Amino acid sequence: MITQNKILLAGMVIVGIAYVYQPANAETASAAVLANTCYSCHGTNGKSVGDMPTIAGKTKNFIVDKLKAFKSGAKSSTVMMRITKGFSDSELDAISGIIANK
Amino acid sequence: MAKISRRHFTAGLGVSAALGSLTLNGKAPFAATGKAQVVVVGGGFGGATAAKYLKRFNPKISVVLVEPSSQYATCPFSNTVIGGINKMDYITHNYDALKKMGVTVVHDLVTHIDGAKKSVKLAKGGDISFERCIVSPGIDFRWDKISGLDASTANIIPHAWKAGPQTILLRNQLAAMPDGGTFLMSPPLNPFRCPPGPGERVSLVANYFKKHKPKSKILVLDPKPKFSKQGLFKEGWAKLYPGMIEYHHTSDDGIVVRADAKAKKLFTEFGEYKGDVINFIPAQKAGKIAQTSGLTNKSGWCPVNQLTFESKLMPGVHVIGDASVASPMPKSGFSASAQAKVCAAAVSNLLQGQSPGTPKFVNTCYSLVAENYGISVAMVYGFANGKIIKMKGSGGLSPSGANAEYRSKEADYSRGWYASISQDIWG
Ligand SMILES: Cc1cc2nc3c(=O)[nH]c(=O)nc-3n(C[C@H](O)[C@H](O)[C@H](O)COP(=O)(O)OP(=O)(O)OC[C@H]3O[C@@H](n4cnc5c(N)ncnc54)[C@H](O)[C@@H]3O)c2cc1C
């Protein structure tokens with residue numbers, strides 16, 4: 001609960017910083033909504049209850065390294081490349097920080 | 001008997017919960033009259049997610065969720081029930097977890113949403129007033145577009161496009177069908193709930209026939225020139241179910257104009273087709289409450305501000321999920337849930353006098369072609385110039401020609417997705 005409020009606050013900060021890095025034709029999303037997009041597949045806060053990998057309880061570095069490797073294709077995937085290509089590097093960084101802090 | 005008294009009991013619980021945590025107007029002791037900061041209408045993919053995430057963003061917001069049923073059967077994975085792989089309990093969820101989070105769940109039907117008075121009217125009597133309302137009523141059918149069928153003939157020719165008794169009916173009809181019979185199916189025109197849903201249904205009925213009724217045939221009359229994930233579905237059908245499925249499109253007599261439920265026939269412009277089991281999926285529009293409360297425009301769907309999902313026709317009332325115009329996002333459970341999270345964040349901020357924040361969404365539609373053969377289509381959405389946009393370079397389809405191991409992995413991930421999203425919403 002408390003962490004969600006933190007996210008809302010973090011969101012405002014990130015909007016401020018990340019404007020510079022945003023991809024050409026989309027506005028930067030607030031951090032509050034970014035990590036929530038992962039939970040439909042990985043479970044609330046990244047805790048998977050089924051056949052999807054759990055991403056809760058991992059360090060920020062672990063998550064962000066994986067995400068960048070999926071995005072570049074260095075790590076093969078069924079769907080994560082298609083997902084990560086929709087996020088800027090700074091967004092992936094923000095998301096990883098949020099999930100690592102759950 | 002037992003069923004009826006249980007329903008009364010549940011209703012009682014809902015009402016007393018409402019009395020417990022809401023400010024009461026004080027009149028009728030057993031009507032759920034009161035007020036809440038946010039009233040959510042509908043406990044499906046959109047509504048239940050919105051209620052849960054409002055509480056996650058700010059547990060102090062008072063949230064009332066109005067949903068007639070104490071159990072919710074999902075359309076996602078209902079095709080596995082129709083295909084005999086899973087039972088109804090696999091796709092049935094309840095509202096216990098939401099109640100534990102402090103959401104007041106009232107099991108009743110909203111009969112009117114009053115945007116001027118900022119209140120909803122309940123079928124069992126009473127009103128609940130709100131500061132903001134989030135409406136996710138799903139779909140209703142356009143029976144006017146087909147002659148010979150209406151809500152009453154759905155007992156003979158099921159649509160099974162809302163999960164529950166219709167799912168069981170279609171399952172039972174297929175189970176009773178003799179080997180060598182024909183399953184006749186007709187998908188709707190765009191836009192409709194779950195574009196890859198008909199293809200998945202054809203697949204899982206074929207999977208059932210292959211194992212239990214191998215002489216049977218599937219005939220599809222589709223009024224559209226093409227359908228979602230068509231290449232991937234047809235690749236899978238050729239590999240797994242050769243010769244079983246005959247698929248007609250617009251140009252080869254796929255447009256059904258009339259039906260005869262008793263004779264079990266569908267009539268096209270040029271021919272007539274008989275089915276031992278018929279599944280006719282009608283054209284669609286926003287759920288009835290959106291129509292009758294004035295949230296829809298001429299298209300039959302609800303125009304919204306795509307930043308906050310606030311209705312363009314009724315300030316203070318937000319519409320999400322299938323009922324809303326959220327194009328380019330497809331009408332899916334994944335989309336409805338993604339929109340609900342964005343809408344809940346916006347509503348939470350707006351209630352505190354803050355700006356709503358910029359949205360970002362993901363949608364992925366997994367489909368099973370067989371138990372160990374999954375395919376998907378994905379997209380990430382951003383926001384620019386007042387509209388939801390597809391993020392360039394993201395998303396797309398599973399590769400064509402992938403090997404069995406790849407398809408099997410995506411089948412596992414499909415079940416994994418269902419487990420996760422069910423937990424994320426109702427768990
Ligand atoms: C066969 C099939 C397979 C599908 N598979 C997938 C899939 O794999 N993945 C995916 O993402 N999507 C899938 N979908 C689509 C998905 O089911 C819908 O997009 C999703 O249910 C939309 O959510 P919603 O909240 O808009 O509506 P719903 O989930 O239909 O919820 C609407 C709720 O509102 C309630 N309600 C209606 N009117 C009122 C009222 N007046 N007062 C109070 N409550 C009311 C209803 O009881 C209902 O519970 C599938 C659909 C079908 C038909």
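In this text, all values refer to a predicted model and were calculated from it rather than measured experimentally. Numbered from 1 within each chain, the chains take letters A, B, ... in sequence-line order.
- Listed by chain and residue number, P196(B), K229(B), S332(B), N363(B), V377(B) satisfy the side-chain contact (heavy atoms from CB on, under 4.5 Å) test with C365(B) (two or more places apart in sequence, or in another chain).
- For L307(B), no part lies near chain A; criterion is any non-hydrogen pair under 4.5 Å.
- If you take CD1 on I375(B) and OG1 on T78(A), they are separated by 13.0 Å, rounding to the nearest 0.5 Å.
- In this structure, the separation between OH on Y418(B) and OG on S40(A) is 13.5 Å, given to the nearest 0.5 Å.
- With 3.5 Å as the limit, one finds no donor-acceptor pair spanning the side chains of T44(A) and R56(B).
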Worked check of side-chain contact (heavy atoms from CB on, under 4.5 Å) between F57(B) and N36(A): CA-CA 11 Å; F57(B) 285 127; N36(A) 288 340; 3.5 Å; yes

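- Listed options G357(B), G382(B), S398(B), S337(B) were ranked by heavy-atom pairs under 4.5 angstrom with chain A; first place goes to S398(B).
- Although no hydrogens or angles enter the test, the distance criterion places a donor-acceptor pair under 3.5 Å between the side chain of R82(A) and the main chain of G396(B).
- Here Y413(B) pairs with nothing under the ring pair (Phe, Tyr, Trp, His ring centres under 6.0 Å) rule; sequence neighbours left out.
- For T364(B), the part sitting under 4.5 Å from any heavy atom of chain A is the side chain, from C-beta outward, and nothing else.
- Each of G393(B), P399(B), A402(B), G395(B) has some count of heavy-atom pairs under 4.5 Å with chain A, and the biggest count is that of G395(B).
- Comparing T49(B), V342(B), V380(B) by heavy-atom pairs within less than 4.5 Å of chain A, the highest count is held by V380(B).
- Looking at C41(A) and F334(B), their side chains come closer than 4.5 Å, going by heavy atoms from C-beta outward.
- Among residues at least two apart or in separate chains, salt bridge (charged side-chain N to carboxylate O under 4.0 Å, His left out) pairs with a member in residues 332-341 of chain B are K341(B)-D424(B).
- Between T37(A) and F361(B) the shortest side-chain heavy-atom distance does not fall below 4.5 Å.
- Only the side chain of Y366(B) comes within less than 4.5 Å of a heavy atom of chain A; its backbone N, CA, C and O stay farther away.
- Of the possible donor and acceptor atoms, one in the side chain of K360(B) sits under 3.5 Å from a partner among the backbone N and O of G86(A).
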Derivation and outcome, side-chain contact (heavy atoms from CB on, under 4.5 Å), residues K47(A) and Q423(B): CA-CA 10 Å; K47(A) 223 176 273 164; Q423(B) 176 280 322; over 6 Å; no

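- Using non-hydrogen atoms only and a strict 4.5 Å limit, the part of residues 49-72 of chain A facing chain B consists of V49(A), G50(A), D51(A), M52(A), P53(A).
- Both the backbone and the side chain of A378(B) come within less than 4.5 Å of a heavy atom of chain A.
- Within the 4.5 Å cutoff, no side-chain heavy atoms of M391(B) are placed close to those of S88(A).
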